[in-house]
Each structure stands twice: as structure tokens, then as C-alpha cells.
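Note that the structure is predicted; figures quoted are calculated from it, not measured. Throughout, protein chains are lettered first and strands after them, A, B, ... in sequence-line order, and every chain is numbered starting at 1. What you see below is based on every heavy atom in this structure, not just the backbone, and it leaves out hydrogens, waters and symmetry mates.
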Amino acid sequence: MAITDTPRFVRADGPDKVTGSGRYVADLTLTGMLTAKLRYAGIAHARIIKIDVSAAKAIPGVFSVLTADDVPDLRYSPVVPDRHLFAKDTVRFEGEVIAAVAAINAEVAQQAADAVVFEYEELPIVADLEAALAPGAPLVHEDWESYDVTGDTPRDRNVATFSSITKGTKEGVDAALAAADIVVKQRYVADGSHAAPIEPRGVVAQWEGNKVTIWTSTQVPFDARNGVCETLQMPSNRVRIIVPHLGGGFGGKCGFHFEAHIAALAKASKRPVKLVFSREEEFLAPDRRRESMIIDLETGLNADGTIAARRGWVAVENGAYTADSAFFPQLAAMHVAGPYKIPFVHIDSSLVYTNHQPSGSVRAPTAPQGCWACETHTDELAKAVGMDSVAFRKLNAIDTGDEGVVGQVYGEIGLQQCLDTATEMAGYGQDLPDDEAIGVALGWWPSFPGASGAFVRLDADGAGQIVTGAQECGTGAVMTLRQLAADELGMDPEDFEIIYQDTGVAPYDTGATGSQTLLNNGRAVVAASEQIAEQLKDHAANMLEAAAGDIVLANGTAHVAGSPDKSVSIAELAEVAAGGQMLIGKGSPVPPEYPEIPGMNCVGDQGVAAWAAPQFSCHAVRVRLDRDTGVARVLAIACAHDSGTIINEIAAHGQVEGGVLMGIGQALTEGTVYGEDGRQQNPALLEYKLQTFADAPPISTAFIQIATAEAGPRGAKGLAEAPNVPTAAAISNALAKIVGQPIRQLPMTAERVWEATLSIADDSGETA
Amino acid sequence: MTTFSIAQSLDQALQALADGARPVAGGTDLVVGSRQGKAPLPDTVIAIDRLDELAGISLSDDQLRIGAMVTHAQLMVDPIIAEHFSAIADAAALVGSPSTRNVGTLGGNVMNGSPAMDTGAPLIVLGATAELQTTSGNRQVTMEELWVSPGKTSANADELCVALNMPARPANSGSAYVRLEYRRAMEIAVVGAAASVTLDDGGMVTDARVALTAVAATILAVDLGDALAGKPIDEASLAAVAKIASETATPISDLRATDRYRRHTVGVMARRAVEAAGRRAGGETIAIPVNRTLGIGASQ
Ligand SMILES: Cc1cc2nc3c(=O)[nH]c(=O)nc-3n(C[C@H](O)[C@H](O)[C@H](O)COP(=O)(O)OP(=O)(O)OC[C@H]3O[C@@H](n4cnc5c(N)ncnc54)[C@H](O)[C@@H]3O)c2cc1C
């Protein structure tokens, strides 16, 4: 369905954002407010000899200068608590905070931050993943053994966590590979990249008595609150997190970042304090970067083109600290294994410490790189066995009822339909000029059911209010909650306003992470609305002298089924209710269950091998290559997605289009470049090349809609991350067809592509 | 503290320069550069954007004059420029984004003196001179004399660039500018090349010039020797142009590209610029900017 055919969707936050009336953290000003600046280490690895803040404190206009000595001495982070708010003893990446300053204005604050004396002794830099794993490599965390790790994950020296996924046994894999007719073995290397949200983050903190309110640009208000509670040792009811409009996140604003630093400054200064990042800081300081990866894959094929076995080895860059990355190795392993029927699989995957910026959940963590490796490899397999790459996928990709790579048997899924639909939309198989090709890739991504709550109320005039813990990061997911409430209550979406992203007023939600908002909070809003619907029906039944079970809510009225004339408006019912038992619904339904996989033998399970309501996709990309320069252009892309039932079609198209554009950037132009000194070389938008709207190709999208059990409202699955998964992979396969071999490095920059064309030319020169 | 004033007349602007002020045109280099920490804002800044003497494009019998304050947005659609001095329009159309083009000026581009500037190579191949004025006089300087090193010109601090002048085009002439870019907006030239070609009635080249962007300390004029003179524009002569351009370049390696890649691709750009200029000289219309038709990753 084309966008123009779909019903108009008015986003409650749209007019504010478009007209500029919306307020972001940077727009907030409180009486007496100070400006914060952070002092960063500026060096990748060093032992701290001295941090002296006396000169900084002496500068007139400086209210407070804090270091590790001024906050509770404890380590935090999920699963592997390995970091402090402020550097203590050792600095492990350039963006590590050694001190924080609050001063009368930005100039004085910066002057004070610069005046902090930092003496250190340099330590050897751990930068390369393989070198980090080598015996005797310098350690990023000398005391790694003493960390109080949750769960059972094998760890060793620079390996923060380790997971393996296995189908069959390791020995079975060896035997199957030995017996295979064809074996293809390759290495794929992906550079790290960035979330690069349009709004550099801001934090404002203000204390009243022993309570603090923090306005912050976070995607996960409750996580941010919990981080403050943990690190400053406060109960949850004294920390209130409010997020004004959020200028995007893409995962970069998941987790807990600088809220505690600013709260501590505000407390010490006895004034409200505000931090606003520069673009450069947004690149360097947050513990959220897309991880670099090395992926070795070895796959055995039978002569008929079926896959016999796969062995894999994956190193995922953790960076200096474990943000939320403990589960990345297992997720990466799933992606390099892929949505295929493979009888024997074994993949070892490690999360590796380096002296680089920490990695964290950026839109579908590990998946674009893992999928890129897996799907590039898949085309290499098809070529090796002499099959067309789409036919090869038809043969090997999982379908309803098939058993996947860890033994999970999938219910009704639409992967094969995605493949058929995307390739048809792209005109796969047509004759193309010799500098063009269509590349195809399959992708998958789990849904993440979880606890989530919302209140819905109708006030005396019949106007609706949704009070939700969910966070809108720009996807439109929170905005779609109006539609769900309206549908339950026979009202119009525009009858509802949304009170959101305030931990002080709304029940818990995980936040804008893991594509979970509509999946989980949608269910909560439906449940809350159902309660009100019951109340409305009871009132209407009384007034209309009918049975409650016969009352229908539609078009802003309650009427008796079969007699639309016997009706009363919802506003009237609301007025009656307002004088007695008010119309307040609360929703916090039990989340859908994660599947159990009998006999699953994965080491270091982090809960991301058995997938709830998995989403599937296929992207088919038409690419033109300028052979003389290696510059690739995406001419068109066709996307087919099984994300279950689509509730808000316009917002869903927006997610796919945004994900594709981000994927094109990751494929071709976006990558962090590190210098010998372990510092980022391109922490700015001139040299870190995002795609622009001028680069956007026509994107056509089809949704394979299967109402999915154990999923979100009406059988919806997640969607926000999935479109980011297979785009780079599809581009890779198109390029490989034009060049004659894959570019096994990500991003596939013009220069890397050009080098590949040269090496092909050299090779053919030799044989000629 | 920076003092900012707006010149109400050319004399006032020239006097301010004589007194040590720096001119600001669109500010897209000056202001953005200072915010990036390249160089602090000058103590006194004088805005020159309201001076009629610096506005407008005029073609006389023998000369084109482009006021220093003419913006990239004006250049890319001006019919005289697009038709007869196409390389400038090709370049202007590639600058930054619509907002950069709306405020960024030709004078600012020229006087900023970046070796990656886009209008530089076109101005060289079109034989342009910069008209520099002071309270006491006026002189014309060729582009090769003007640009000294990255960010440095031979103009004195009290000299205001009022216009860029260049000879009217002979019959059967065409020009074009092509640059290597990794994306289609907000880009900076990885390398680039401009060409100007004049043909005789038989399609043989009577005059050809090529200049290169971002492969040396300044925009680089290429000595084509006899690679094109008296010859048709064909595979052989284009290959010769590419080779000479690559050999003339003295590129550096940086985040955008290695020297090796720059050296190769500047030859590709030179060849494409000559090809496009030749086709335009032959009467063909190629839409502005050339990059979108036979440039980099060209496609609609
Ligand atoms: C986002 C962005 C993208 C960009 N993309 C490109 C691009 O693709 N290609 C490109 O070439 N450039 C690009 N630029 C650089 C810049 O926009 C251009 O160089 C522009 O033409 C500068 O003109 P201006 O009027 O803004 O100059 P200003 O910043 O006003 O001035 C630049 C310098 O020239 C001096 N100056 C200005 N006018 C005169 C005059 N008449 N006489 C004497 N001295 C003068 C000033 O004192 C200053 O030193 C980009 C800049 C930005 C911010």
C-alpha cells in the first residue's frame, strides 16, 4: 500500500517539532542555573598519578569541581560492573570523565575544566581485537577477576563475556564440515560506527531538599533513574527523570550516562546545573558506539546446495567498559549463524575489551555487521555451489515450522514471503547494465517482551489522557498509543493527549530500546483502555436500560448493539463517572513468554538465543558502481518485512525508510577511524559521513502481516531496529556482483571498493 | 571581544579594512571556522553583504564580471553562467547544502583560499582574475598569483575583492567541473577537476585547460603540453589527460583518501571534465551540475 492510501496519522508531537514550539533539554533555563563542563582524560590508557582540582576551584565563578573522591566509591554497569562515574586509578579511553565542573557560565566552566591538573603515566594501548586476545596482551582491566559479575559467563583477561551457540555438538560440526562437498571459509571485518542523533545530549539537574529532578535526553528514563539511584545511593522515589522532546537517539541515548554527574554537581553547588554536549563530545564521551567486529565463517555445503554445517568465530569490540553489551556476543553469534536451516552449527563469540570508547546498543546492536558477514558469505556459498543467490536462499532459509540455528522451532513466520516479495519488487533477474546489480539479503531480529505500564483516564469532559512510562525517541511508537486507546474506546486518536517520559508520574517501561515500545506499552494501554471500556459500558447499560454486554463503543458514543439510535455520548458518560467512580484504567499485563528450547546447549547464555516473536526481513538493493572511483550509489531498494501486524502504517514506513538510510551509511560511508594513539580521528560530521536526504534512494516497502502469537497488541512484533539489519548486507552483495568479489570490510568505502577492483584486475592480469 | 559593523558604502568598507577590520561575506567559512576552533574571530569584522558594487553578474562584449557577493545559489541558476561559464555553475551547485549556497559567496570562496574550494579550478580554466580594491586603488590578480598556500592569499589585508573578471568565451567553447564526492550534499571535494575546451569547426581542440582541486597546496593548473591541442577528444587524448593530471598532482593522505587514491581519481575527474567540456563545446547541453550525469555515482 502506498503512503497516500493510508489513513492520515497526526503525531501529537509533530506540530511542536515542526514549528519549533517543542522544548528540548538544551532549551531549559532554571533560576540560578550553572553550566557544567566535563574534563575528559584525552588519553586512551594511563595510570592516574594525580588529579589536582585546586587551581580549577580557585577560579572566580566556579561553584564546584568533582572527581571520583566526591561520589560514592562503587563500580556499576549491568552484568559486568566495571566502571566508576569518574576515572579512578586508571583511565581506559579518551572520553573517560576525570572531573566535572559547575560554574557561572560556559566560558568559566571550560576554563576550570582545563585548569584541572591531570598527571598520568601512559600504559600500552589495547586497540586491535586479535592482539587483545593474544596471550600476554596488556590488560584493559587489571582487576578483571575481582569484578562482581552477574550470571555465568566465561571470562578471561580481556574477554568481558563469552557466549557460544551450538546446534548438534562441536564434534558434530567438525565431522559435518569434513564430510561436506564444498567448504567456504572467509573473514569479515567491520569498523565501529556511531548512532549520531541530531540532538547532542543535555542534562539539567535541580535539587529540592533530598529529592532531585533531572531533565535529560535519554531514551530510557527508568534506566537513567536506576543509574542515578545506584551510583548516588538514593531510593527510586527521590529521583525523578523527565525527558522533554528527544532529538533522536538510535540507541546512542540508551543506558545511563551523565545524569549522576550533573546531579552531584547540582548538589555540591546548591544550584541547578545544566550540561549540553557539543557534537564532538557526542561522538567521544557516551558509552554507546556500534561495536567493531571480526567474523570468521566456515561453512560446508552439500552438492545439492543445502548447508551442511557452519563454524564461526566472532570477536565483538567492547571498548573500555561494559555498558549494556554483555549479551552482544550471543546476539552476534545468532546473526552470523543466520535464519537458515543448518543441522550443525557452532559459533564462539567474545566481547573484547580495548582502550576505545565503550560499545552499547545502537539500533540493532551487532546485527547489521553480523548480517552483513552472514549474507555476504551466503552469496559466496551460492557462487561456490553454482546457484543463483536467491534460489540458494529459497532452499536454505527457514520457514514456518522449521528448526533454526539453536534448535528453536518457529511458528508462523514470513521469511520466505519476504524473500519473494522484495525480490519481485526489485525486479530481481532483469537485465542490467554491467555497472549495476541487485543484491539481496535476509535479516532477522528478536522482539523483547517485558513489563510495562500505563494509565488511561477520561476526565469529566470526555477528553482522554494517556499517562505512560514509555519514551518517544522519534519512532512514533508512543504517538501510536493514542490510536490503540481510541480504538478500544470508540473514540478519535485526537481525543487523547499523552503524558509521557516522566518517571515521577508514570509506571515503569523499559524505554525506547529493543523495539519494545509498542510491543509492550501498547499492550499496557490496551489493557488500561479495556478497563475504562468496561466502566463506560456499565454506565451506558444503566442509562440505556440494556445489558452491558450489548453496549458497543463507536464514534464517540455508546450504543446498544443493533440499535444505533439508542445511544449516549462518551462525554456524557464521562461526566456522570466524574462525580463518582472515575474513569481511570491501569494496564500492566503479564508479558508474553520467551520460548523454551529443549536441549539448547549454549555456553554463557545471555537470553538472546531463544527469540520471542522473531521479526524477519529481506532487502533487495539495486546499486550502481562507478568503477573508476569505487563510488557506489544505491539506486533503489525494495524492503519486505514480517513484523507481525502493522498497527500504524505511516509510522511503520517511516521506520523502514530511516533504517534503510542508516544502513546505507553503515554500508558505504560511516565508520570510526582510530589513530595510533587510540583516539578517534573523525569525531565530527564533516569526516564522519552520514547519509543525507540528497542520497536517499526510492524505497519501496511491503509488510508481510502475520498476526503473531505471544507478541504485541493485535499480533504486532517490533519494527524499529529490523530495517537497519539487512541493508548493508544487500549492498555488499550487489557490489560483489559488480566487482566480482565481495568487499569484506565494512564500511565498504569508495577507496576500499576501488582497491578490490584493482586486485581483481591484477588477478585476471596474471591468469591472462 | 569582536566588534561587528555593517558597511553602508564601499568606501566605508575599504576604510574599515585599512583600519584593520576583516570582511565577512556569508560567514560560512569565517564564522564556522572560528566555532570549530580553527582561528578565533577577528577583533573587528565588517559585513560587506549590502554593497551594490559587489553584487550582480554582467557580461559585456569581452568580459564577464561576477560581483564578489554573488552567492553559489545565484551562480548555479544564472543563465549566463550556466550557458557560457558552465564550470562555475557546476561547482557552485555542489557547494554544501541549499543553506550554504544561499549565503556562501564566490568572493568568500576565493578569498578563503582552501585547496579544496570548488569554484577555484573553474576560475583558473576560465582565465579569471580577482579585482582587489583598496582606498587608494584597484588591481587585477590572476588566480595562480592569488593563492599562495592553504588558507593564504597574496592579497593584502586592506584589499577587498570586489569582483571576479574573466574574458568572454570564444565560439565553440565549453567548460565543466567534476568532483569526487562520497555523498551528494554537505560534502567537501576529495579531488576535483575543471576543464575548458574550445574546438574548431572540425571538432579539433584549439584550446584546452585543466585545473585540479584538492591535490596540492593550492588549486593546481595543469600543463597539458600537446595532449589535446589539434586533436579530437577521444579515448586516446582523454587517457593522456588523465595520465598528465595524475602525474601533476601532489596529493596528501588524510581521512578522506590516501594520496594513491587521490592521484588516481584526479585523473579520472580530469578526463571526465574534459569530456563534458568538449561535449558542451560541441553544442550539447549537459545539465548543471555535470556530477549528476557523468560524474561520480551519477544517477537521478
Ligand atoms: C556546511 C558547509 C559546507 C560547505 N561546502 C563547501 C563546498 O562544497 N565547496 C566549497 O568550496 N566550500 C564549501 N564550504 C565553504 C564555504 O561555504 C565557501 O567557501 C563559501 O563560498 C565561503 O563564502 P562566504 O561568503 O561564506 O565567506 P566568508 O566566511 O564570509 O569569508 C571567507 C573568508 O574570505 C574573506 N572574504 C570574504 N569576502 C571577501 C572579499 N570580498 N574580499 C576579501 N576577503 C573576503 C573573509 O574575511 C574570510 O577570511 C562549505 C561550508 C559549510 C559551512
Using a strict 4.0 Å threshold on nitrogen-to-oxygen distance, state whether A:Asp626 and B:Arg272 make a salt bridge. yes
Count the heavy-atom pairs under 4.5 Å between each of B:Gln36, B:Met186, B:His264, B:Arg271 and chain A, then report the option with the highest count. B:His264
A:Leu685, part contacting chain B, at a heavy-atom distance under 4.5 Å: backbone
Heavy-atom distance under 4.5 Å to chain A: side chain of B:Ser97, backbone, both or neither? neither
To the nearest 0.5 Å, tell me how far A:Glu436 CD sits from A:Leu635 CG. 5.0 Å
At a heavy-atom separation under 4.5 Å, does A:Leu625 approach chain B through its side chain, its backbone, both, or neither? neither
Segment of A:Glu280 engaging chain B (4.5 angstrom heavy-atom cut-off): neither
May I ask you to decide if the ring planes of A:Phe277 and A:Tyr40 are parallel, tilted or perpendicular, using 30° and 60° as cut-offs? perpendicular
Chain B contact via A:Glu687 - side chain, backbone, both or neither, heavy atoms under 4.5 Å: side chain
From OG1 (A:Thr749) to NZ (A:Lys689), nearest 0.5 Å: 12.0 Å
Over 60° means perpendicular and under 30° means parallel, so tell me whether A:His194 and A:Phe283 are parallel, tilted or perpendicular. perpendicular
